[in-house]
Amino acid sequence: MRIECIAFTASGVRLAQRLAEFFRDGGDICTVSAPEKYAKNGVAALDSLADWTARSFGQADALIFVSACGIAVRSVAPHLRSKFTDPAVVAVDDCGRFAIPLVSGHVGGANALARRIAAAIGAQAAVTTATDGNDVFAVDTWAADQGFLVVRPNAAKAVSAALLNGEPVGFHSDFPVEGTLPKGIVPAKEGKVGIRISLTYEETFQTTCWLLPRILTLGIGCKRGTEPIKIQKAVDSTLQGKYLYMESVQNVASIDKKCDEIGLLEFCKANCLVCNFFSAEQLTRAKGHFTGSAFVQNTVGVDNVCERAAVLGSGGALLVGKQVFSGVTVAVAAAPLVIRF
């Protein structure tokens, strides 16, 4: 987690440094900024609050203002877009008595961050979100913890509203479920409001909160010099043809002979995906039934690249077999998933 702290007084800077040390000990990246007269012992000099906020809001996972709430609110207000994309923002008073989550309490993790701060310095976390105050299941927080995309944010609000009103919320998953469902959540395939976990969309409930798991691996083979746009079009066609979504893709896999393939690497960079490369020998050991090609075997030393790479890259099973395009082959595999409560 990347955390940016800012403070404006001598006592505030000391507190920010304590927090930075705490977060760094936990493996997080944490920097402290303050006015120039306090810029020593690792504290960066503040150029301007507006510039610091704009820069930090765009690149950090969380912002901590060791200051009055008003300073924090006025600073971040011009940058607010959505609770599903904004970083966490927490205000801590100079005396270290309260940690107050201001923005992105659930998905962004501000509530959890405030609790971490409180535990570190002996403060009180002043969490004000309704679901937390009433000990109600927060579907957006839970989904973020699982790495699931909340496709329809308004439906997540409907889930919270129903639970706060004491109304049952249905639950349907295409994946195995372990543990006890949270209070107010009941197994169902229809109803007024519900949660559905699946790779493809279906209007299961009148208001369906669709959670999209990120468990797919794209296995890609391509001719040398293939442009990234051709790879993108082949992938889009493959996914759309099976009613799957790019947001479900967690990584890409191919043969190691493609580790310097510019088009493939640029495709991965454009989609913020890591590409795992496997040798022909490793691909040969992949388990499953694959579409063999004598030409591919003679060219790279294994009868199939895309399907085998997808399986190895996901650690799961083939979901979409080899799709052939001009100079590109694509396959899709899904990692095993168990929903746990």
Side-chain angles (χ1 to χ4, degrees), residues 142-151 171-179 195-202 204 210-222 231-232 234-259 261 264-265 267-269 271-293 296-297 300-325 328-341:
W142 181 81
D145 290 342
Q146 308 303 311
F148 299 162
L149 173 67
V150 181
V151 180
F171 179 84
H172 179 76
S173 171
D174 288 351
F175 307 93
V177 178
E178 293 182 356
I195 301 165
R196 179 182 175 90
I197 305 176
S198 64
L199 290 170
T200 57
Y201 183 69
E202 183 177 328
T204 309
W210 178 27
L211 306 184
L212 189 62
R214 196 178 187 205
I215 60 172
L216 300 184
T217 294
L218 298 173
I220 298 178
C222 62
I231 297 176
Q232 184 70 64
V235 167
D236 290 344
S237 180
T238 298
L239 295 176
Q240 291 168 10
K242 300 297 180 180
Y243 302 99
L244 298 171
Y245 299 83
M246 196 68 194
E247 290 81 1
S248 289
V249 177
Q250 62 176 344
N251 62 349
V252 174
S254 190
I255 192 167
D256 58 3
K257 294 181 183 296
K258 297 297 176 182
C259 67
E261 186 66 52
L264 180 58
L265 297 177
F267 163 80
C268 292
K269 182 178 180 180
N271 290 280
C272 299
L273 296 171
V274 172
C275 191
N276 299 315
F277 296 99
F278 300 97
S279 67
E281 182 180 356
Q282 288 174 310
L283 292 174
T284 301
R285 293 199 297 266
K287 295 181 179 180
H289 297 286
F290 306 107
T291 307
S293 165
V296 175
Q297 176 73 53
V300 298
V302 62
D303 65 351
N304 180 292
V305 169
C306 64
E307 292 179 347
R308 292 178 179 273
V311 168
L312 287 184
S314 69
L318 195 63
L319 190 64
V320 180
K322 179 179 178 180
Q323 305 294 299
V324 181
F325 303 88
V328 183
T329 58
V330 181
V332 184
L337 175 63
V338 176
I339 308 302
R340 293 185 172 89
F341 289 98

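In this text the structure is predicted, and so the values were computed from the model without any measurement. Reckoned from all heavy atoms, side chains included, excluding hydrogens, waters and symmetry mates.
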**Asked** Can you list the residues that meet the side-chain hydrogen bond (donor to acceptor under 3.5 Å, both in side chains) rule with T291, with sequence neighbours excluded?
**Response** E307
**Message:** For a quick test of reading the model, state the closest non-hydrogen atom pair linking V300 to A280 and the distance between them.
**Reply:** O-CB, 3.6 Å
**Prompt:** Is the shortest distance from a Lys or Arg side-chain nitrogen in E202 or R196 to a carboxylate oxygen in the other one below 4.0 Å?
**Reply:** yes
**Prompt:** Rounded to the nearest 0.5 Å, how far apart are OG1 of T217 and CD of Q250?
**Reply:** 4.5 Å
**Item:** Pairwise side-chain contact, F148 with L337, heavy-atom cut-off 4.5 Å (strictly under)
**Value:** yes
**Request:** Walk me through it: do V302 and F290 pass the test side-chain contact (heavy atoms from CB on, under 4.5 Å)?
**Result:** CA-CA 11 Å; V302 62; F290 306 107; over 6 Å; no
**Prompt:** Taking S254 for the side chain and I220 for the main chain, is one N or O donor matched with an acceptor at less than 3.5 Å?
**Reply:** yes
**Straight-line distance of S198 OG to F175 CZ, nearest 0.5 Å** = 7.0 Å
**Request:** Report yes if some heavy atom in the side chain of L283 is under 4.5 Å from a heavy atom in the side chain of I255; otherwise report no.
**Result:** yes
**Item:** Test side-chain contact (heavy atoms from CB on, under 4.5 Å) applied to K322 and C306, step by step
**Value:** CA-CA 7 Å; K322 179 179 178 180; C306 64; 3.7 Å; yes
**Message:** Would you compute the distance between atom CG of D174 and atom OG1 of T204 and round it to the nearest 0.5 angstrom?
**Reply:** 8.0 Å
**Asked** How long is the gap from OG on S248 to CG on L216, to the nearest 0.5 Å?
**Response** 5.0 Å
**Request:** Kindly indicate whether the side chain of F341, heavy atoms from C-beta on, has any atom under 4.5 Å from the side chain of V177.
**Result:** yes
**Asked** Does K258 use its side chain to pair, donor to acceptor, with the backbone of C222 at less than 3.5 Å?
**Response** yes
**Request:** State the CZ-CD distance between F277 and Q282, to the nearest 0.5 angstrom.
**Result:** 12.5 Å
**Prompt:** How long is the span from the CG atom in L199 to the CD atom in E247, to the nearest 0.5 Å?
**Reply:** 12.0 Å
**Message:** Quick one, L218 and V332 - any side-chain contact, counting heavy atoms below 4.5 Å?
**Reply:** yes
**Message:** Side chains of D303 and S293 only: does a donor on one sit below 3.5 Å from an acceptor on the other?
**Reply:** no
**Asked** Taking the six-membered ring for Trp, is the centroid-to-centroid distance between Y245 and W210 below 6.0 Å?
**Response** yes
**Asked** Going through the distances and angles, do L273 and M246 end up as a side-chain contact (heavy atoms from CB on, under 4.5 Å)?
**Response** CA-CA 11 Å; L273 296 171; M246 196 68 194; 3.7 Å; yes
**Prompt:** Can you find a pair of side-chain heavy atoms, one from I197 and one from I339, that are under 4.5 Å apart?
**Reply:** yes
**Request:** Would you please test V252 and L264 for side-chain contact (heavy atoms from CB on, under 4.5 Å) and show each step?
**Result:** CA-CA 9 Å; V252 174; L264 180 58; 4.3 Å; yes
**Message:** Checking N271 against Q232: is there a side-chain donor and acceptor pair closer than 3.5 Å?
**Reply:** yes
**Side chain to side chain, V249 and L239, heavy atoms closer than 4.5 Å** = yes
Under 3.5 Å, side-chain donor or acceptor atoms of residues 309-320 against the rest of the protein: list the pairs with distances, not counting sequence neighbours.
unit_1: S314; atom_1: OG; unit_2: A310; atom_2: O; d: 3.0
unit_1: S314; atom_1: OG; unit_2: V311; atom_2: O; d: 3.2
unit_1: S314; atom_1: OG; unit_2: G316; atom_2: N; d: 2.9

**Request:** Look only at the side chain of Q146 and the backbone of A143, and say whether a donor-acceptor pair between them is shorter than 3.5 Å.
**Result:** no
